[in-house]
Every structure is written in structure tokens, then in C-alpha cells.
There are 2 protein chains.
Amino acid sequence: METIPYPVTRIRDVASLAKTSVSTVSRVLNNSGYVKAEVRARIEAVIAETGYVPSSLAKDLQRQQSSLVGVIIPKINSYTSGEMVAGLSSVLSEQRYSVLLASTDNHPQSELESLKLFREKRVNGVLLLGTELSEAHRLAMAQMPVPVVVIAQDAARHGISSVLQDERAAAAALTRYLLSCGHRRIGLLGVHEFDIQVGVERKQGFLDALREAGVEADPGLMIQGGFDFQSAARGVDRILDQGRAPSAILAVTDRLAVGAISRLAERGIVVPAQMSVAGMGDIDLAAVFQPRITTIRYDYFQTGARAASLLVDAMQGAVAAAQKIIMGYQLQIRDSVRTVGG
Amino acid sequence: METIPYPVTRIRDVASLAKTSVSTVSRVLNNSGYVKAEVRARIEAVIAETGYVPSSLAKDLQRQQSSLVGVIIPKINSYTSGEMVAGLSSVLSEQRYSVLLASTDNHPQSELESLKLFREKRVNGVLLLGTELSEAHRLAMAQMPVPVVVIAQDAARHGISSVLQDERAAAAALTRYLLSCGHRRIGLLGVHEFDIQVGVERKQGFLDALREAGVEADPGLMIQGGFDFQSAARGVDRILDQGRAPSAILAVTDRLAVGAISRLAERGIVVPAQMSVAGMGDIDLAAVFQPRITTIRYDYFQTGARAASLLVDAMQGAVAAAQKIIMGYQLQIRDSVRTVGG
DNA sequence: CTGAAAGCGCTTACAG
DNA sequence: CTGAAAGCGCTTACAG
């Protein structure tokens, strides 16, 4: 054993210390081809002593394989994003892919830049958590030379695999439940329609169920706003101040439901005694908020995981055509909705 | 203009289509050196037409610079992690670094593997969101040939830059507030002590304030458990069932506070009328939960951002020695704590 | 202002 | 079983 003169950062250094060739070191590194036990031992000893770690920069260039997956998240600091990232990350890391994360803070422009960056980094696939899917998005995705899977929005008609919730059916199911509790005049606390899934689909489901039951929807009771507590408060005010109050409000997210209940409390209206409120999403505090919120449960972790699996299959060439996976949902009946007299 | 025979993926293809050399194309790509306007225009036209995107695999190998930052997060689907990742990601992307995310799902072993992976990927720096820092962690960090910054735990004495909350002072401030409201018998809903910051420091702060006020701590009132709602419920039961009940409980996280209030409600105890409960962290629902939770506010987004800035400075060689940044905190007085008769 | 050539650190036929 | 050599797609002195 001799002392190491310089930091050993190249396979060539290992080779010369082990008195062998670069090719042979490469073979033991990758466990490929035959290497005499004695030589292998010598090489392994050198690696252990020197702490040599091969450069995957060079390896990836040679193999034309980055083992990277680009993941675009509009807002990483939200409950649903967190769950999805946890889910997709667990399957990706198990499949030996690394996650290149682009948190775009709701800037569509920055999403497009990330796509560009991903191409430069030669990622093997892309996962895009979608909010709005503009024409520019579609173009950029079409130009990606690697598989793309969109989460939470439907891009299947553009030939891109998608995994999403059955928002419309879920909202309809929740509305039916409200109707079954005797509510006939129901407010909708919704969001802007450029979010197709939450803004459009959930509203459609709401309307489906009303129509089905022969209940006429009152436009004055249907609000569109943002996702924050402020929007919820404003929405509640508008619903309350428009004349005849509803007996129930369907908020399209749990956050909005919480904001609504809060605002109602400030105005002296107790939920559910004086008004019922339902949410959607089943964020973890929904079960523990007072009153516990009746809501729709989605499995966001699994949503992320399924999307990642789909992508892995595509990256490994297993599937050709675009797929569309619809995740299930679950009605969680809790305390924020009560039955009223027919 | 001729039609392009094959997908143009190499700088060489661009060069030949533009009737020039690889070196010149490289110059316009990197805006370095002189290029005649005419030639530049020709090259840019070819790039635009072909949609050529240079490979940063090759570029990084040549430049010995990955522009990658490895980020290790034990649990990405949590409020604090989400905020921190959003914060660090915003400064990193602004500085043109990409984030390689390793979500380790609370497996210390997987953190070590990620560190190994980061070395292979030749990241330029590492951000580690710490929970427990084992001996193996320290060794692995010491072996990293690039700067490392630890978030939320103190690794400064190991020569590693850290940015963390002033947990002890914050817990003491909150406890002082409880004392100032007339509470003398106070329960502590804590967590296990291998989490130094939350388990040990917050508890120490609690004890500091009691000692300061000449109030004796009752060991039967001090619980150690996990971070989940179940632990909170169990903790409340143990506190209640040990004999003389406290008039207030300090929960070391807001989640635990929420869990505690919930459990108290189930046992017919109303907060704050019959018992006060304080939390720490000021998660977004703390302000909207009923009752609104009195708590300590930390700025996790900024915590992540500061850590990233520190790392950027280190990666650019601006600083030599390890730094330690202590973030501030803020007492948020709300409704879950009330004043009781001396 | 431009191009030929070396080199970044690996992998992989290929010849021996 | 092993090693010399070419090549992955770039950048960067260097010579012209």
C-alpha cells in the first residue's frame, strides 16, 4: 500500500493505483464481464481506501441516459402537491431515477423554461402537475423527445398520458349526499374556470346532481374565486348578501370550506346547526377541524405514484399510446353537514 | 434552406448545416468570443429551425460543473418541508441551480444513499433538512467534497453551516406568556428527544421559563411522543389520567395542539373555557381552526431561502468558515389560551 | 474572426 | 480474462 498523492477522482487514477487498466476497473464498477478475483480485490481495495466515486456525468454522457425525471410543480407548499411529490418520488427512487424538481410558484412562463432546462439536462421523462394547460404548454410538451405524463389535468386528447381525479363524478356524489340530507337550496363556492378540473369539472358535477334531482340551480348562489381563505370569506359574503340564504354550501376545496365556516362564525352563523358546509379533498385537518368536515377523499399520494409508474413504463418503452387513468374517490361523511326537514 | 435529414441533436449537426465549425457554434451558444454577424445569423437560423438543444451532460462534464444542488427532505408531504422547499427552490432557481430532490420518507439509511448519489451526480452543493444527525451522517457530510448546509438542526460544531430556529427561546417566550395569563400548572405535549430541536430545545425553553418564574415542573405532566394526532390524543389522556389536571397545555407543534384540542373535546373539555392549549409553528390552519390557536410563528419559507443563499455563497467560494444562522420567531396570540385567576 | 485538436471521465466493442 | 482505442457531445486554448 502506498500513500495516495492526489485526490482520486478519476477511474484512471484507480486503475494506475491498482496496476490495471481503466477498462477493467470499469468492469468491476459495473459488474460486467469477467475479472480475475485477485484483480477485482485489488481494485476494490483501492476504491475503498481512496473513497473514489465514479462520475455519472461522464457515465450518463457515454450511455446517453441521465436517469433523471423532470418534475414540475406549480406550488410545492400545498397539501396536495406534497402528497403527490411524496408518491411519485417513492416509485421513482425505487426505480433508480432521480428527481429534478422545478417549483414554478404558479408561473406558467417558468414552467416552459423548466421544460427547456429539462431538455438540456437530457431527462428521461417529465411529470407535470398541471393547473392550466395553455397552447404554449401543449407545444412544449409535444416537442419533448421523451415521455411526458400530466397529473391532475386531462391532456389525453393531446396524446399525452394523464392521471387525474374523477372530479365531476365526485362533486356529483357529494351534491347528491347534500340533497339526500334534505338540502334544496345549495350554494357553490367554486374557483375560476381556467382550472379545468377544480373550476369546471367540480361545478359540472354539482350541476349534474341538481339537474338529476330536478332542482333548479340559482346563479346568484354560485361563486367563482381563488383558493385562499380570503376568497372563501368574500364568497360567503356574496352568497349571504344576495337575498335568500341557502341551507348548505358546497365548497370545492377543504380550505375553502374551512374559510367559509370561519367566516360564517364571524357572522354569527353556526355550522352545521344553522348552515351546512361540505368540502372536497380531505386534507388532513378536515378530520380534526371543528366541526369535522364532510368531504370527498382523494388519494393524492397514489395519484403521484400511479403517474410515476406510467412514466416509468413509457420510459422503458413498455407502452406506446397515451393512457388516461382516472383515480377513485370516497365520500367522507362527518359533522359539517346535517339533515334538514324536507 | 434544405430539409433536415435527421434529428439534430449534436452541435456538430448544427455546424455542418450552418456551414461552419463546431467551435463557432459553441461561441454563439455561449455568447463568448467574436462571431461575424452573418455567420451568427446563419447559426441561429439553423438552431431555430431544428429546435436544437445543447446537451448539458456534455457541457457539465467538460466544465466540471453540474449546477446541481442536492436537497434531502425526510418528509416532503408536511407543511414545514413544503415551505422550506419552496423557499430554497426560489433562490436556487434564481441563481440558475437545479434542484435534485431526494425525499427519504424518514429513512436515515436512504439519506446516506442519497448523499452517495449526489456525489456521483457531482452536485455543487447539498442542502440537508435534518431530523436526527447520526454519527454516520456526520461522516458522510464530512466526506462530501462540496459545501453542505444543514437546515433545522445544529451541525455548526461539526464545522457545517446550519440555519435553524431559536427553538429554546421561542418555547420559553410562549411559556412566559402562559405564565403571564395566570397558568401555573402547565402540561407539556412534547416529542422524542432524538429530534434535538423539537424534542430537546423546546422542552428546555419550557423548563427555562418555569424555573425563571419559580414554578416547579411536574414530570407527570411532561409527555414525549410522536408528531401525529394519535400521539396527541394519547398524550392528553396520560396528562388527564395522572391526577390533578393542568390549566394549560403547551403542545410543541400546532398539529399536536389541534390533536389535543380534538381529544379534549371528545372528553368533554372545552378549549379555552376549561383548558388552554398553545401550539408552535403557526401552520396555516392555526389561524382558522376553532378556537384559533395561540402559537409561535416561524418563517419556514425564509429559513429555506436563507439556507440556500448560504449554500450559494459557499459554492461560489465567498465564505470559508461554517456559519450558523438563527432565525427569529413571533408570538401569535389568538384564542386557544385564556387568562385564569391567579 | 474561425477552425482543428485536445480533453472532460466514463463505457464498450474489439483484438489478443 | 485484460487492455488499447474510439467515442459520447461539448468547451477552450491555440494557431492562423
Side-chain angles (χ1 to χ4, degrees), chain A residues 6-44 46-47 50-68 117-124 145-146, chain B residues 6-44 46-47 50-68 117-124 145-146:
Chain A
Y6 295 104
V8 179
T9 52
R10 300 167 310 172
I11 195 172
R12 189 199 307 171
D13 303 322
V14 174
S16 71
L17 283 172
K19 310 247 179 279
T20 179
S21 74
V22 160
S23 331
T24 305
V25 175
S26 176
R27 279 186 208 104
V28 347
L29 247 23
N30 297 294
N31 240 311
S32 61
Y34 301 92
V35 180
K36 213 199 296 177
E38 194 184 320
V39 178
R40 176 185 299 271
R42 230 161 54 218
I43 292 172
E44 280 167 349
V46 169
I47 291 175
T50 57
Y52 166 75
V53 176
S55 163
S56 72
L57 284 184
K59 183 181 189 166
D60 294 348
L61 173 60
Q62 167 61 42
R63 290 211 178 149
Q64 298 286 75
Q65 232 279 358
S66 67
S67 292
L68 244 36
L117 180 75
F118 288 170
R119 293 189 62 177
E120 291 181 353
K121 292 282 184 192
R122 297 296 193 253
V123 300
N124 294 141
V146 292
Chain B
Y6 294 103
V8 178
T9 51
R10 301 167 308 174
I11 194 171
R12 191 199 305 169
D13 303 322
V14 175
S16 71
L17 283 172
K19 312 245 177 279
T20 179
S21 74
V22 159
S23 329
T24 305
V25 175
S26 177
R27 278 185 208 104
V28 349
L29 247 24
N30 297 294
N31 238 312
S32 61
Y34 301 92
V35 179
K36 212 198 299 179
E38 194 184 320
V39 178
R40 175 185 301 273
R42 230 162 53 218
I43 292 173
E44 280 167 349
V46 169
I47 291 176
T50 58
Y52 165 75
V53 176
S55 162
S56 73
L57 283 184
K59 183 182 191 166
D60 294 348
L61 172 61
Q62 168 61 39
R63 290 210 176 150
Q64 298 287 72
Q65 233 278 359
S66 67
S67 293
L68 244 33
L117 180 75
F118 288 170
R119 293 189 63 178
E120 291 181 353
K121 293 280 185 193
R122 297 297 193 254
V123 300
N124 294 140
V146 292

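In what follows, every heavy atom counts, from backbone to side chain, and hydrogens, waters and symmetry copies are set aside. So that the names make sense, note that chain A is the first sequence line, chain B the second, and so on, each numbered from 1.
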Roughly how far, to the nearest 0.5 Å, is [atom2] of [Y] from [atom1] of [X]?
X	Y	atom1	atom2	answer
B:Tyr52	B:Leu29	OH	CG	5.5 Å
B:Leu57	A:Arg63	CG	CZ	13.0 Å
B:Ser66	A:Lys121	OG	NZ	6.0 Å

Give a yes/no answer on whether the side chain of [X] brings an N or O atom under 4.0 Å of OP1 or OP2 in [N].
X	N	answer
B:Thr24	C:dT2	no
A:Tyr52	C:dC10	yes
B:Ser26	D:dT11	yes
A:Gln62	D:dA6	no
A:Ser23	D:dT2	no
B:Gln65	D:dT11	no
B:Thr20	C:dG3	yes
A:Arg12	C:dC8	yes
A:Arg63	C:dT12	yes
B:Arg27	D:dT12	no

Side-chain heavy-atom pair B:Arg27, B:Ser23 within 4.5 angstrom cut-off:
yes
Quick one: does B:Asn124's side chain get under 4.5 Å of B:Gln65's, heavy atoms only?
yes
Round to a whole Å and report the spacing from [atom1] of [X] to [atom2] of [N].
X	N	atom1	atom2	value
B:Asn31	D:dT12	CG	P	13 Å
B:Ile11	C:dT2	CD1	C1'	14 Å
A:Arg119	D:dG9	CZ	C1'	16 Å
A:Lys59	D:dC10	NZ	P	21 Å
B:Glu120	C:dG9	CD	C1'	13 Å
A:Arg122	D:dG9	CZ	P	8 Å
B:Gln64	C:dG9	CD	C1'	8 Å
B:Lys19	C:dC1	NZ	C1'	20 Å

Mind checking if [X] touches a base, just sugar-phosphate, or nothing, with heavy atoms under 4.0 Å?
X	result
B:Ser55	sugar-phosphate
A:Val22	base
B:Asn30	sugar-phosphate

Contacts of B:Ala58 and B:Tyr34 projected onto DNA chain C by closest heavy atom; the upstream (5') one is B:Tyr34
For A:Leu57 and B:Val39, find the nucleotide of DNA chain C closest to each by heavy atoms; which residue's nucleotide sits nearer the 5' end?
B:Val39
Check each of B:Val28, B:Thr20, B:Val46, B:Thr24 against B:Val14 using the side chain to side chain contact (heavy atoms under 4.5 Å, CB included) test, and report the only one that passes.
B:Val46
Nearest listed nucleotide, side chain of B:Arg10, among C:dC10, C:dA4, D:dC10:
D:dC10
Watson-Crick or G-U wobble partner for D:dC1, using a 3.5 Å limit on both distances?
C:dG16
